[in-house]
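Please read these numbers as outputs of a predicted model, since none were measured by experiment. Below, chain A is the first sequence line, B the second, and so on; all start at residue 1.
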Protein chains: 2
Amino acid sequence: MRQNAARRAALLDAAIEVLAREGSRGLTFRAVDAEAGVPTGTASNYFGDRDDLLTQAGGRVYERLRPDAAGITAAMEGPRDRDRVIELMRDLVARVTEFRSGYLALVELRLEATRRPRLREVLTGVIGADLQGNVEFHLGTGLPGDATTVVLLYLALNWLILERLTLPEVIPGERVDELVAEAVRRIVPG
Amino acid sequence: MRQNAARRAALLDAAIEVLAREGSRGLTFRAVDAEAGVPTGTASNYFGDRDDLLTQAGGRVYERLRPDAAGITAAMEGPRDRDRVIELMRDLVARVTEFRSGYLALVELRLEATRRPRLREVLTGVIGADLQGNVEFHLGTGLPGDATTVVLLYLALNWLILERLTLPEVIPGERVDELVAEAVRRIVPG
DNA sequence: TCATAAGCACTACACTTGAAGTGGTGCGAA
DNA sequence: TTCGCACCACTTCAAGTGTAGTGCTTATGA
């Protein structure tokens with residue numbers, strides 16, 4: 001088992017791309033090697049088995065989906081009203097939609113988690129923690145709404161993004177901003 | 001190309017099970033043969049290629065997810081108020097969650113549609129038509145709310161179901177009914 | 001009623017692809 | 001000088017595809 005941390009990270013990033021492009025079944029050591037541009041057999045040397053690779057990729061892909069520090073401090077500024085929530089949610093949807101491969105990889109991993117208990121544990125942990133973190137952030141910054149508000153926004157916006165990334169013609173791009181605004185208006189108490 | 005319609009349908013149903021259990025990459029002629037309990041090579045004789053199989057499975061899986069005639073007429077009865085919508089949505093979520101393999105197969109197909117234009121067209125057609133149909137049904141039966149109401153419920157409830165089917169511990173089963181009710185209360189005008 | 005033909009189920013096989021894992025070599029850094 | 005890693009090569013294994021071929025079943029017409 002090799003120890004080079006930078007190379008391991010590069011392999012995991014390559015794994016995310018492969019996941020999004022080829023699906024979880026397409027995530028093979030060979031494919032990761034090719035995507036990362038390293039010689040055949042390298043991924044074999046860094047991960048014990050596919051389960052290992054999948055689990056570590058699961059941790060990393062979700063980590064990369066989270067906003068950076070600058071984004072977080074920016075989110076804490078401005079007024080604490082519903083219009084501000086609309087802004088924040090639009091930014092969120094735009095940002096996540098932008099990271100197409102990461103989001104698709106995450107959905108692939110969700111489906112794969114159906115068959116892999118270890119992966120399910122890992123994903124349950126990171127996603128549950130993130131949702132919980134969103135709730136605390138929302139309440140902590142004094143934005144309007146309660147815990148249920150945050151959960152309902154999480155549900156609606158996630159599927160909206162999935163819809164846009166998989167079957168974009170079902171909900172045209174021009175409707176997205178208005179749909180997000182309307183979701184917030186109805187879900188967040190005035 | 002064989003013509004036996006019953007056998008073709010059985011093969012498509014087998015394909016749905018395989019999709020849910022093994023993912024889209026696992027959907028091979030061999031696997032369908034095995035799942036359907038027919039000799040090796042049978043699926044080869046019924047579908048020209050994988051694209052064919054995937055596309056036809058896409059049509060069938062969605063068809064089977066729709067409520068039957070009895071369910072539709074039942075939905076048209078009762079009062080036309082918000083509490084009635086809560087009931088209907090709870091039934092919907094329960095019914096779709098029940099058909100686990102069908103729902104998971106559909107998500108697999110969404111991801112596969114990312115890579116297959118023909119499949120994307122088919123899914124865009126059936127899913128767009130279903131969403132449109134839901135809007136018309138809702139408005140036509142005089143239930144409270146507008147088109148946006150239906151779309152927002154569609155978004156939130158779909159991800160709720162996905163969450164429950166893939167990572168059930170993130171949102172515990174006991175919270176589902178209350179979450180659905182709260183979603184309806186906020187999204188559907190009183 | 002029987003002969004004939006057509007379609008299908010089923011089997012077997014040849015071919016291709018893709019992946020896994022591992023042993024060995026050379027290089028670079030401690 | 002030695003240890004660890006990058007890199008390459010090779011063997012082995014597993015799956016899947018497409019199709020040729022055989023025999024059964026059934027429909028059709030004299």
Side-chain angles (χ1 to χ4, degrees), chain A residues 1-58 60 105 108-109 111-112 114-116 118-119, chain B residues 1-58 60 105 108-109 111-119:
Chain A
M1 190 78 51
R2 303 293 144 88
Q3 302 302 329
N4 185 332
R7 189 161 259 236
R8 173 172 304 251
L11 288 169
L12 286 176
D13 286 338
I16 292 172
E17 295 305 315
V18 173
L19 267 175
R21 200 178 57 237
E22 321 241 13
S24 56
R25 269 284 188 111
L27 186 74
T28 65
F29 288 154
R30 292 299 225 258
V32 172
D33 290 337
E35 177 72 27
V38 298
T40 300
T42 303
S44 268
N45 289 329
Y46 274 86
F47 305 94
D49 52 20
R50 251 174 62 89
D51 211 79
D52 223 32
L53 180 56
L54 244 1
T55 307
Q56 294 193 35
R60 184 162 180 87
E108 291 280 359
L109 286 169
L111 291 172
E112 188 69 16
T114 281
R115 305 151 209 146
R116 295 181 180 268
R118 282 233 6 246
L119 180 58
Chain B
M1 190 77 51
R2 302 295 144 86
Q3 301 303 328
N4 186 333
R7 188 161 257 235
R8 164 167 270 123
L11 287 170
L12 286 176
D13 286 338
I16 291 172
E17 294 305 313
V18 173
L19 268 175
R21 200 178 57 238
E22 320 239 15
S24 55
R25 269 280 188 117
L27 186 73
T28 64
F29 288 153
R30 293 295 224 257
V32 172
D33 290 337
E35 176 71 27
V38 298
T40 299
T42 303
S44 268
N45 288 329
Y46 274 85
F47 304 95
D49 52 20
R50 251 176 61 92
D51 210 80
D52 222 33
L53 180 56
L54 244 1
T55 306
Q56 293 193 36
R60 184 165 181 85
E108 291 281 359
L109 285 170
L111 292 172
E112 187 70 16
T114 282
R115 304 150 209 146
R116 295 180 180 270
R118 281 234 5 246
L119 179 58

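- The side chain of A/Asn4 approaches D/dA6 more closely than any other nucleotide in the set C/dT22, D/dA6, C/dA19.
- Listed in residue order, the members of residues 32-42 of chain A having a heavy atom less than 4.0 Å from DNA chain D are A/Pro39, A/Thr40.
- Shown here are the side chain to side chain donor-acceptor pair (under 3.5 Å) partners of A/Asp51, two or more places apart in sequence or in another chain: A/Arg116.
- To the nearest angstrom, P of D/dG18 lies 13 Å from CZ of B/Phe47.
- Counting to the nearest Å, the P atom of C/dT22 and the CE atom of A/Met1 are 11 Å from each other.
- Judged by distance alone, the side chain of A/Arg8 and the main-chain N or O of A/Arg2 form a donor-acceptor pair under 3.5 Å.
- For the pair A/Ser44 and C/dA20, the criterion of a side-chain N or O lying under 4.0 Å from OP1 or OP2 is not met.
- Comparing A/Arg30 and A/Arg25 by the nucleotide of DNA chain D whose heavy atom lies nearest to each, the residue mapping closer to the 5' end is A/Arg30.
- Rounded to whole Å, the distance from CG on A/Leu27 to P on C/dG18 is 16 Å.
- To the nearest 0.5 Å, atoms OG1 (A/Thr55) and CZ (A/Arg50) are separated by 10.5 Å.
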List the protein contact pattern of nucleotides 20-26 of chain D with one symbol per nucleotide (5' to 3'): B for base contact, S for sugar-phosphate-only contact, - for none; contact means a heavy-atom distance under 4.0 Å. -------
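- When all heavy atoms of B/Ala10 and B/Ala36 are compared, the pair lying nearest together is O-CB, 4.5 Å.
- The side chain to side chain donor-acceptor pair (under 3.5 Å) check on B/Asn45 picks up nothing, with sequence neighbours excluded.
- Atom CD of residue B/Glu112 and atom CZ of residue B/Arg25 lie 8.0 Å apart, to the nearest 0.5 angstrom.
- Going from atom CZ of B/Arg50 over to atom P of D/dA15 covers 16 Å, rounded to whole Å.
- Near DNA chain D, defined here as any heavy-atom distance below 4.0 Å, the residues from residues 5-15 of chain A are A/Arg7, listed numerically.
- Contact between B/Glu108 and B/Ser24 at its shortest, heavy atoms only, is OE1-N, 3.3 Å.
- Counting to the nearest Å, the C1' atom of C/dA19 and the CZ atom of A/Phe29 are 10 Å from each other.
- Listed here is the closest heavy atom pair of B/Tyr46 and B/Gln3: CE2-N, 4.3 Å.
- With sequence neighbours left out, the side chain to side chain donor-acceptor pair (under 3.5 Å) criterion links B/Arg7 to no other residue.
- If you take CD on A/Glu22 and CG on A/Leu27, they are separated by 9.5 Å, rounding to the nearest 0.5 Å.
- Going from atom CD of B/Gln3 over to atom C1' of C/dA9 covers 15 Å, rounded to whole Å.
- Minimum heavy-atom separation, B/Phe29 to B/Ser44: CD1-OG, 3.4 Å.
- Contacts of B/Tyr46 with the nucleic acid, taken as non-hydrogen atoms under 4.0 Å apart, involve only primed sugar atoms and P, OP1 or OP2.
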